[in-house]
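Written out below as structure tokens is the structure these notes cover.
Throughout, numbering of the chain's residues begins at 1 and tracks the sequence.
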Amino acid sequence: MSNKRDQLSPRRKPSQERSRDRVERILDATAELLAELPVDKITTAAIAEKAGVPIGSVYQYFPNKLAVLAQLARRVMEKVDLQTASLITEDFGVLPWDQAIDRAIDATMQGYAEQPGYVQLLLSIRPTPEFGAITDESNERVAAMLALHPALQSVIPPDRIGLVTRSAIRAVNSLQDWALSVDDPGIANEIISEMKTLLKGYLAVYMEPNGRRAE
């Protein structure tokens with residue numbers, strides 16, 4: 001019997017460029033529909049029509065609508081995660097670490113906000129247990145990239161750096177989702193400010209010369 005995670009996985013990965021292009025068109029069409037319609041109004045038929053492909057092409061790669069949405073969420077998270085990691089690599093060691101954190105958070109929030117339909121996707125399906133694994137993948141990916149940075153490795157003990165970076169990313173994740181989901185830009189900016197305070201306050205225990213390190 002297939003489990004719920006199986007229902008959110010693609011049937012198969014496209015191997016040829018033409019197939020990859022078709023899958024990207026399906027995901028692009030889904031993102032456009034999310035910006036126009038509630039999730040419950042979107043169907044695989046609507047996705048196929050928007051993408052300009054036969055509905056059989058959708059089912060060739062995805063077992064259902066949720067699997068399409070899941071793959072779209074993965075694509076968005078992977079793209080933003082890589083952008084954030086690139087910025088962290090560029091800024092850490094050049095800027096003061098707290099300024100580097102601010103820039104990384106700003107870039108992450110902007111990256112998500114610029115993705116068509118992502119906020120609707122977030123509000124509708126990301127909080128569900130079935131999508132928890134996708135969020136976990138993103139959290140683990142960013143934490144692992146952060147843990148590889150020499151600026152952190154120089155001050156955080158090797159046996160703690162994985163736990164520290166994973167804790168940091170998971171702590172700010174809920175604030176990130178909250179900021180993306182509110183309609184008032186002023187409130188969103190206040191939440192982002194608190195996110196920065198939370199992350200910098202936690203990492204300061206390790207990064208600041210006079211900070212108290214956890215035993």
Least distance between heavy atoms, [X] atom then [Y] atom:
X	Y	result
Ile134	Ala73	CG2-CB, 4.4 Å
Leu180	Ala113	CD2-N, 4.2 Å
Tyr202	Ser167	OH-CB, 3.6 Å
Val68	Leu27	O-CD2, 3.7 Å
Leu199	Ala168	CD1-CB, 3.5 Å
Ala29	Ala51	CB-N, 3.5 Å

Using modelled atom types and a 3.5 Å cut-off, is there a donor and acceptor pairing between side-chain atoms of [X] and backbone atoms of [Y]?
X	Y	value
Arg25	Gly52	yes
Thr197	Ser193	yes
Ser154	Ala151	yes
Ser181	Asp177	yes
Gln153	Ala147	yes

Interatomic spacing from [atom1] in [X] to [atom2] in [Y] - rounded to 0.5 Å:
X	Y	atom1	atom2	answer
Gln60	Ile26	CD	CD1	8.5 Å
Arg166	Ile161	CZ	CD1	13.0 Å
Thr165	Glu140	OG1	CD	8.5 Å
Tyr118	Lys79	OH	NZ	13.0 Å
Glu78	Ser138	CD	OG	8.5 Å
Thr135	Met77	OG1	CE	4.5 Å

Report yes if some heavy atom in the side chain of [X] is under 4.5 Å from a heavy atom in the side chain of [Y]; otherwise report no.
X	Y	result
Arg75	Asp28	yes
Asp91	Gln99	no
Asp106	Lys196	yes
Gln120	Pro38	yes
Ile101	Ile88	no
Lys65	Thr43	no
Thr108	Leu87	no
Leu152	Met207	yes

field: Within 6.0 angstrom of Asp40 CG, more than 12 heavy atoms from elsewhere
entry: yes

- request: For Gln110, look at atom CD and say whether over 12 heavy atoms of other residues, nucleotides or ligands are found less than 6.0 Å away.
  value: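 Open.
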
task: Determine, stepwise, if the pair Val164 / Leu203 fulfils side-chain contact (heavy atoms from CB on, under 4.5 Å).
output: CA-CA 8 Å; Val164 169; Leu203 291 180; 4.1 Å; yes

message: Let me check something: do Val205 and Trp97 share a hydrophobic cluster, defined by ILVMFWY side-chain heavy atoms less than 4.5 Å apart, either directly or through other members?
response: yes

Path from Leu69 to Leu37 over hydrophobic side-chain contacts below 4.5 Å: yes

field: Contacts of Arg141 that satisfy salt bridge (charged side-chain N to carboxylate O under 4.0 Å, His left out) - sequence neighbours left out
entry: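 If we apply the salt bridge (charged side-chain N to carboxylate O under 4.0 Å, His left out) test to Arg141, skipping adjacent residues, the hits are Asp81.
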
message: Under the rule for salt bridge (charged side-chain N to carboxylate O under 4.0 Å, His left out), what residues qualify as partners of Lys200, not counting sequence neighbours?
response: Asp102

message: Regarding Asp136 and Arg170, does a basic nitrogen lie under 4.0 Å from an acidic carboxylate oxygen?
response: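 Between Arg170 and Asp136 there is a salt bridge, with a charged N closer than 4.0 Å to a carboxylate O.
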
task: Check the pair Leu198, Met195 against side-chain contact (heavy atoms from CB on, under 4.5 Å), reporting the backbone distance first and the verdict last.
output: CA-CA 5 Å; Leu198 176 68; Met195 188 193 315; 5.8 Å; no

field: Worked verdict on Val119 versus Tyr112 for side-chain contact (heavy atoms from CB on, under 4.5 Å)
entry: CA-CA 8 Å; Val119 172; Tyr112 278 121; over 6 Å; no

query: Going through the distances and angles, do Trp178 and Glu194 end up as a side-chain contact (heavy atoms from CB on, under 4.5 Å)?
result: CA-CA 11 Å; Trp178 184 18; Glu194 293 304 310; over 6 Å; no

- request: Consider only side-chain N and O atoms of Arg22 and Tyr61, and report whether a donor and an acceptor are under 3.5 Å apart.
  value: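 Note: Arg22 and Tyr61 side chains miss the donor-acceptor criterion.
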
- prompt: Taking it one step at a time, do Glu36 and Lys50 satisfy salt bridge (Lys or Arg N to Asp or Glu O under 4.0 Å)?
  reply: CA-CA 12 Å; Glu36 302 168 1; Lys50 190 79 168 179; 3.0 Å; yes

